[in-house]
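Here is the structure we will look at.
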Amino acid sequence: MKREIPKTYEPQRYEDKIYKTWEKSGMFNPDNLKLPKNAKPYTIVLPPPNITDKLHLGHSSMLAIEDLLIRFHRMKGYRALWIPGTDHAAIATQNVVEKRLLKETGKTRHDLGREKFLKEVWKFLRVTQKTILKQTRKMGASLDWSREAFTLDDERIKAVRKMFVEMYEEGVISRGERIVNWCPRCKSTLADDELEYATQKAKLYTFKYDKNFPIAIATTRPETKLGDTAVAVNPKDVRYKNFIGQTFDVDFLGVALKIKVIADRQIEMDFGTGALGVTPAHSMVDWKMAEENDLEIVKVINEDGNIREGFGKFSGLTSLEARELVAKELEKSGMLEKEEEIENNLSTCYRCGASVEPLPSKQWFVLVDKKLKRLGNKSLKEKALEVAKKKEIEFMPERFTKRYTDWMTNLHDWCISRQIWFGHEIPVWYKGEEIYVGEKAPKGKGPASAKASAGKWVQDPDTLDTWFSSGMWTFSTLGWPQNLKNGKKSNDLKKFHPTQVLETGYEIITLWVSRMIMMSLFAVGEIPFEKVYLHGMVLDKLGKKMSKSKGNGIDPMDMIEKFGTDAVRLALLVGSTPGNDMRISEDKIESFRNFVTKLWNVYRFSATSYPELKLAEKISQKKIKTLADRWIVSRLNELIAEVTDDLEKYRFSLAGEKLQSFVWNDLADWYLEISKLEKNEYVIGYVINCVLRLLHPFAPFVTEKIWGDLNYESASSADKMLMVEKWPVSDKKLIDKKAEKEFKKLQETIGKIRNIRSSYRIDPVRIIKTYATKLNNKEIIEKLARVEILSGKSKAKTIKIANLHLDIAELIDIEKEKERLQKEIENFENLVSKTESLLNNEKFVSSAPKNVVDLNRNNLVEYKTKLEGQRELLENLN
RNA sequence: GGAUGAUUAGCUCAGUUGGUUAGAGCGUUCGAUUCACAUUCGAAAGGUCACUGGUUCGAGUCCAGUAUCAUCCACCA
């Protein structure tokens, strides 16, 4: 049968069709895989992308890594499950839609009202969500779409409510007044890690509250001083020691304050005056001091960022206006001692950039330090730290364990309420002073917009932090809570939880990973995953973060269109190591496209030279004939062992590199070249079979295409797909070190001679032919004489090759050849003396591993033979 | 201020538990090419593994310190 095979592989022609075949086969769902009952599960949850935008290269990299893991384990016979989904990304999404709305219609969300605005959000997210899911399929991701989830779909809403209620009943969720980061523009609280810091120039004012107060304080925010209730000094500070414990009534620009002087070791004596005006309501640190010293809390700034009532002429001003006025008034009254410019850090909102106002507010919190019965009288924090310490959860690379534990150790109570509209509604209702917490609304529910008033239950208007729902991702996607009754897991939760790996970016260890751990420990009573594999960020060619504003972003879909998914995947997998950022450029993707073409041509060549070519999983010793056969089969079996080991240890890059070099350098450049003269279709069929299986997790499309062309006629034969084939197993009996060594010499010889002869326009193929045919002439000794000439096992042979070189050298440039020989001789002299002294060292011989010692012994013999050969040759030349 | 990482060829990066003469790709130079592939092939040049010490028979790899860069965390009253 003559095959018509195009010259190059055209990914665009096959990829979508192949993906459809995979998806239709149902094999993405592990329940459909033909597996023994005791097959182990291998579960990964896909970190759900935010539905705010389409996918970027970072997502592609994540998909490539996870799909590699899933395909590898599926082939290895695991019950491989990869769960897809998307994240509603509450604040981020609301912001995007708000911005759009303003741009397109000039309206704010308040103009529309809650209900209409939310409709807009859903309209928006349906579109982006569809795009994201389509793009995910484009990457070849073998996700089980039958289990697709969204952090804000009905099932997840139920789960989140259940979780909230359970935590509330356990007392680990509670409402309280705490100081929070408040964005006056977004009108919402922000978590600590949602803040961004900007250095800015600020004025540092030094002044006294009034003339009767003995201590001057320094601040960049004089307007908050209206709420001061204390002045803190360092207990060691001799200047102020005597005042500690005293209380002063002061008149601060017409506002009466009671100021107590307190001692606190955190106060730096060198900064400003060494005295800090304590404003408990508007500074995190001051809040803590107030708690410790039992100080009064005076709120100065309200939730719009303005000065509250009761502060005389300052009331109603914005904080900036008030700051200027306070400064002016201080100067007028002669209390201002100094005004200097300093640099300080301003916390700003990560969404809108407005400066953040710390202020006390009623919020819902997860109490991370509360001891819980269900956790063996440990707190969420303690338990979450314990699982990392006991290595129940391992981080890759390991150094991130420290980042996790450090952060966990310093974790404060987690504020989970957000004053935004889009997100999970808080399942809490109020009626006057009464409060109701439950999965369903209580009877007599009033309209959502109404104020809590007597007679009607009104739901809390806030929504939950987006990480609350994504923190539940490993179990909310596996049917929690239905699948957990009385502590007993059932169905999916039993089969697939805890998951095996969480693969994600190191930047969200704190935001996400830590929360998943706490929530899973609480809800299911077990860890959410065994391993956390952290990938780096994908940077541009110059090592800069890709961003739309800089215009240096590469759209993965453009790259797929241009070079094919396999090339994009390979470019993202090879050259990236865990925890380290990676650079990527179009050139890199292009070079992997070339590799895919190379693989294609290996197939094209083999299929056209062997019309009856059959892929075989195994090969019998009898069918391995020539040295080249022995060599390639041996190399292949080593490769299988190495790649398997690498993948098991998450060394994807290394595995990919090895595969690439085998296919390109060993198989295509050498074995196929020689096979033009010495055909052996069994070996080729065997090698290609294994290579396709090994490469499939890296480049699923091209390998499936070739596999299909060679193995099955119609696309309908689901169980013949490469995707569900077995992973190759290395056969140690086929590893032949001797053959490898011999072949290496052959390569060297051919290379050298080809290069020398090439200036005489002698066809290199003919040279290969000379050697290769001789190798297979069944007069083994004769053949190897030429080849082994270089292997230098005996002096006589070395002289032979030396003479061969001499022949050639004579034809070329004797002086050059002499120079080269001289260099070689020096090199070998060096090696001989080095190795000798090493072997004479008793400590080395006794303490080094045996194989290292033996290796050196062998080497010494080899070096010596070579050295003598070269010397003799040089003499001859002279 | 605290922590973590990086520093290896002109460029981008590998280098597994310390063990042959430290690797790859790109680039450069020389050469080949009716052959499955110009998306090709053969070869060469190019390295004090940031620096200084230490441990060891042996260090790119382990330890300590220094420098530069990057990232994260805290704080800047």
Side-chain angles (χ1 to χ4, degrees), chain A residues 5 7-8 192-193 197 199 202 204 217-221 224 232 266-268 271-273 275-279 283-286 342-346 397 399-400 402-403 406-407 410 506-507 509-510 537 541 543 574-577 579-585 587-588 590-591 593-598 600-609 642 645-646 649 651 653-654 657 660-661 668-669 672-673 676 750-759 761-765 827-828 830-831 834-835 837-838 840-849 851-853 855-856 858-860 862-863:
Chain A
I5 301 168
K7 271 188 126 178
T8 54
D192 287 348
D193 29 42
Y197 295 92
T199 37
L204 182 71
I217 55 163
T219 182
T220 52
R221 301 202 52 194
T224 63
Q266 288 176 56
I267 305 298
E268 279 176 44
F271 189 90
T273 61
L276 162 74
V278 180
T279 322
S283 154
M284 299 277 178
V285 186
D286 296 10
I342 61 159
E343 274 206 347
N344 76 350
N345 256 340
L346 185 70
R399 65 185 142 96
F400 285 101
K402 192 171 155 38
R403 183 185 287 197
D406 283 357
W407 190 82
N410 296 316
Y506 59 77
E507 69 278 4
I509 294 178
T510 54
M537 276 189 302
K541 213 177 179 174
V574 177
S576 101
T577 44
N580 295 328
D581 297 343
M582 69 160 351
R583 299 183 187 195
I584 197 151
S585 61
D587 300 351
K588 191 175 172 189
E590 190 180 349
S591 77
R593 191 267 323 264
N594 296 351
F595 171 63
V596 171
T597 308
K598 191 74 188 178
W600 181 259
N601 273 291
V602 167
Y603 153 62
R604 178 166 131 96
F605 171 76
S606 312
T608 45
S609 340
E642 283 176 36
D645 188 50
D646 286 340
K649 294 186 173 135
R651 297 187 295 243
S653 177
L654 206 55
E657 244 174 74
Q660 191 187 5
S661 123
D669 292 349
L672 290 188
E673 208 62 45
K676 283 173 186 169
I750 292 175
K752 266 182 197 154
I753 293 172
R754 188 197 270 192
N755 212 31
I756 295 166
R757 290 263 165 99
S758 66
S759 47
R761 306 207 171 274
I762 293 173
D763 185 352
V765 174
N827 184 19
F828 281 116
N830 232 326
L831 285 172
K834 241 187 190 170
T835 317
S837 71
L838 192 62
N840 285 336
N841 189 326
E842 271 175 42
K843 278 192 180 165
F844 167 72
V845 178
S846 59
S847 58
N851 57 336
V852 177
V853 180
L855 194 64
N856 276 290
N858 289 340
N859 284 341
L860 184 62
E862 199 170 305
Y863 296 152

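All chains are named by letter (A, B, ...) in the order of the sequence lines, taking the proteins before the strands, and each is independently numbered beginning at 1. We use all heavy atoms of the structure for the numbers below, so side chains are in, but hydrogens, waters and symmetry mates are not.
Ala275(A) comes within 4.0 angstrom of nothing in the nucleic acid, heavy atoms only.
When the nucleotides A77(B), C37(B), U16(B) are ranked by their closest atom to the side chain of Lys7(A), C37(B) comes out on top.
Below the 3.5 angstrom threshold, one finds a donor paired with an acceptor across the side chain of Ser847(A) and the base of C57(B). Side-chain atoms of Lys598(A) and base atoms of C37(B) include a donor and an acceptor less than 3.5 Å apart.
For the side-chain contact (heavy atoms from CB on, under 4.5 Å) test, residues two or more places apart in sequence or in another chain that qualify with Ser653(A) are Val574(A), Glu657(A). Applying the ring pair (Phe, Tyr, Trp, His ring centres under 6.0 Å) rule to Phe400(A) yields the partners Tyr506(A); only residues at least two apart in sequence or on another chain are considered. Annotation: side chain to side chain donor-acceptor pair (under 3.5 Å) contacts of Thr577(A) (sequence neighbours excluded): Asn580(A). Scored by the ring pair (Phe, Tyr, Trp, His ring centres under 6.0 Å) test, Phe595(A) finds no partners at all (sequence neighbours excluded). Judged as a side chain to side chain donor-acceptor pair (under 3.5 Å), and not counting sequence neighbours, Lys834(A) has no contacts. Partners of Asn594(A) under the side-chain contact (heavy atoms from CB on, under 4.5 Å) rule, at least two apart in sequence or in another chain, are Trp664(A). The side-chain contact (heavy atoms from CB on, under 4.5 Å) test applied to Ser283(A) returns Val285(A), Asp286(A), not counting sequence neighbours. Every residue two or more places apart in sequence or in another chain was checked for a side-chain contact (heavy atoms from CB on, under 4.5 Å) with Asn858(A), and none qualifies. By the side chain to side chain donor-acceptor pair (under 3.5 Å) test, Asp645(A) is found to be paired with Lys649(A), Arg651(A), residues two or more places apart in sequence or in another chain being considered.
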Given protein heavy atoms under 4.0 Å, the one-letter contact record of nucleotides 20-25 of chain B, with B base, S sugar-phosphate only and - none, is simply BB----
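Between the Asn841(A) side chain and the Ser837(A) main chain, no donor and acceptor come within less than 3.5 Å of each other.
As rounded to whole Å, 15 Å separates atom C1' of G58(B) from atom CG of Asn840(A). G58(B) atom P lies 10 Å from atom CG of Leu838(A), rounded to whole Å. Spacing between atom CE of Met537(A) and atom C1' of C72(B) amounts to 10 Å, rounded to whole angstrom units. Taking atom CG of residue Leu672(A) and atom C1' of nucleotide U40(B), one finds them 14 Å apart after rounding to whole Å.
In terms of position on RNA chain B, the residue among Leu204(A) and Thr577(A) whose nearest nucleotide sits closer to the 5' end is Thr577(A).
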Using a cut-off of under 3.5 Å, enumerate the N/O to N/O pairs linking the protein to nucleotides 3-8 of chain B.
none

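Stems are defined here as 3 or more consecutive Watson-Crick or G-U wobble pairs with pairing distances under 3.5 Å; those involving RNA chain B are B:1-7 with B:67-73, B:10-13 with B:23-26, B:28-32 with B:40-44, B:50-54 with B:62-66.
Residue Thr220(A) places at least one side-chain N or O under 4.0 Å from the OP1 or OP2 atom of A77(B).
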